[in-house]
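See below for the structure under consideration.
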Amino acid sequence: MRATFMYGAGDVRVEDVADAKPHEPTDAVVRVTLACVCGSDLHPYHSLPTTDDGLPMGHEFLGVVEEVGSEVTGLAPGDFVVSPFAFSDNTCAFCRDGLQTACVRGGWYGVPGIGGTQAEAVRVPQAAGTLVRLPPDVDEALLPSLLTLSDVYLTGWHAAHLGRVAPGRTVTVIGDGAVGLSAVLASRRMGAERIILMGRHPARTDLGREFGATDVVAERGEEGVAKVRDLTGGEGSHVVLEAVGHLPAYEQAYGVVRPGGVISRVGVPQYQQAPVGTDSLFNKNVTLTGGPAPVRAYIEQALPDVLEGRINPGRVFDQAVPLDRVADAYRAMDSRAALKVLVRP
């Protein structure tokens with residue numbers, strides 16, 4: 001079968017590998033029908049040291065179950081499924097708390113020993129707890145939106161959920177990438193009164209307005225902070241959803257949050273140290289939260305919204321490529337020629 005590997009910064013290759021097979025009785029093998037490139041994939045695309053082995057890439061997919069291990073229940077060959085970007089047993093103490101990304105038997109796609117999902121097929125550990133069955137006859141037009149339940153839309157939802165977005169709240173979303181736009185859509189779904197999107201790419205912020213943003217702030221840094229504070233009558237935003245992961249975005253976040261507000265981060269931090277002291281968080285009684293989204297906890301709740309047409313998060317996909325051209329997808333997203341790219345094995 002064919003699968004994608006990254007051998008260093010900017011070096012993405014599609015190669016022939018052994019067919020995916022179950023390793024454990026709790027595994028399943030899924031034939032991938034739709035995958036994509038994530039904004040977080042661009043971090044190693046910029047910085048991965050050169051390696052001889054290659055890093056398997058991809059963590060979002062829809063597919064058809066081909067084989068199940070002897071201990072897999074609730075699934076059978078032929079089932080159409082969506083997978084969260086992290087696998088989990090969905091039964092441990094942390095899973096029962098809705099934190100499947102901390103599952104004691106869980107882990108991540110795209111690491112050595114576990115294949116990536118930008119591939120023709122993938123081995124899914126803890127398949128019974130991870131995979132969610134979809135209707136077999138789903139309208140093909142809905143597939144991109146169903147794919148967003150693997151990561152991007154529900155990562156935006158997680159940001160809004162942890163940020164306690166609710167009716168009457170003013171929300172500022174930092175970042176006009178696919179996760180930021182998903183956070184706008186989720187905030188609207190949760191009833192936010194005002195949604196300020198901080199982004200400077202008109203094609204993206206226009207989509208953000210269609211998703212529910214009431215205001216767009218293109219300025220960055222201190223100028224951007226001043227603009228948001230002006231829009232909020234000097235008070236700042238009840239909730240700030242940070243969907244970038246770089247330190248300047250976090251600095252903007254604590255600049256625009258109001259006293260007693262919440263900063264919720266879902267952009268994978270590309271820094272280890274950041275201000276949490278008197279001038280940033282403490283004096284304003286600001287709550288800092290966020291982390292990798294346990295999307296498995298949210299899929300069943302979001303699925304009817306997609307299937308019944310109440311939301312269309314798949315609009316974040318603006319290009320599609322066959323698997324053999326996945327390197328083009330990375331280049332397009334890196335240059336911002338594309339927002340998010342579908343991959344069709």
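Atom set for the values below is all heavy atoms of this structure, side chains included, hydrogens, waters and symmetry mates excluded.
- Just one residue in the list V124, L62, V30 forms a side chain to side chain contact (heavy atoms under 4.5 Å, CB included) with V81, and that residue is V30.
- In this structure, a donor-acceptor pair under 3.5 Å is present between the side chains of Q118 and D41.
- Contact check on R2 versus D16 returns a salt bridge, with a Lys/Arg side-chain nitrogen under 4.0 Å from an Asp/Glu carboxylate oxygen.
- Considering CD1 of I263 and CG of L162, their distance stands at 13.5 Å, rounded to 0.5 Å.
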Candidate pair T172 and T232, rule side-chain contact (heavy atoms from CB on, under 4.5 Å), full reasoning: CA-CA 10 Å; T172 296; T232 57; 5.7 Å; no

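- Using bins of under 30°, 30° to 60° and over 60° for the plane-to-plane angle, the ring pair F85/H59 lands in the perpendicular bin.
- Looking only at side-chain heavy atoms (C-beta outward), V17 and M1 come within less than 4.5 Å of each other.
- C36 has its side chain within reach of L147: a pair of non-hydrogen atoms, C-beta onward, lies under 4.5 Å apart.
- Judged by distance alone, with hydrogens and angles left aside, the side-chain atoms of T130 form a donor-acceptor pair with the main-chain N or O of S88 at under 3.5 Å.
- Comment: R331 engages D328 in a salt bridge, judged by a side-chain N to carboxylate O separation of less than 4.0 angstrom.
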Please determine whether side-chain contact (heavy atoms from CB on, under 4.5 Å) holds for the pair V179 and V316, giving the CA-CA distance in whole Å, both sets of side-chain angles, and the decisive distance to 0.1 Å. CA-CA 9 Å; V179 172; V316 298; over 6 Å; no

One pair to check against side-chain contact (heavy atoms from CB on, under 4.5 Å): R258 and H238. What are the steps and the verdict? CA-CA 6 Å; R258 67 183 277 156; H238 295 98; 3.2 Å; yes

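- Remark: D151 CG to S83 OG distance equals 10.5 Å, nearest 0.5 Å.
- At least one side-chain heavy atom of D27 sits less than 4.5 Å from a side-chain heavy atom of P125.
- Atom CG in D305 sits 11.5 Å away from atom CG in N312 (nearest 0.5 Å).
- Atom CE in M198 sits 11.0 Å away from atom CD in E242 (nearest 0.5 Å).
- Using a 4.5 Å heavy-atom threshold, the side chains of L288 and R265 count as touching.
- Side-chain contact between P22 and V29 is present, with heavy atoms from C-beta onward closer than 4.5 Å.
- T278 places no side-chain N or O within donor-acceptor distance of the main-chain N or O of N283, the cut-off being under 3.5 Å.
- Counting heavy atoms from C-beta on, the side chains of Q319 and M333 never come closer than 4.5 Å.
- Annotation: the span from F94 atom CZ to Q100 atom CD amounts to 12.0 Å, rounded to 0.5 Å.
- Within the 3.5 Å criterion, the main-chain N or O of L197 finds no donor-acceptor partner in the side chain of D215.
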Test salt bridge (charged side-chain N to carboxylate O under 4.0 Å, His left out) applied to E24 and R105, step by step: CA-CA 12 Å; E24 303 290 340; R105 299 176 188 85; over 6 Å; no

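- Taking the side chain as every heavy atom from C-beta outward, R344 and L34 approach each other to under 4.5 Å.
- Side-chain atoms of V343 and F61, non-hydrogen and from C-beta on, never get closer than 4.5 Å to each other.
- Test V240, L281, V225 against Y254 for side chain to side chain contact (heavy atoms under 4.5 Å, CB included) and you get one pass: L281.
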List the steps and the verdict of salt bridge (charged side-chain N to carboxylate O under 4.0 Å, His left out) for R13 and D11. CA-CA 7 Å; R13 311 177 198 174; D11 185 1; 2.8 Å; yes

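- Taken from CZ in F80 to CZ in R31, the straight-line distance is 9.5 Å, to the nearest 0.5 Å.
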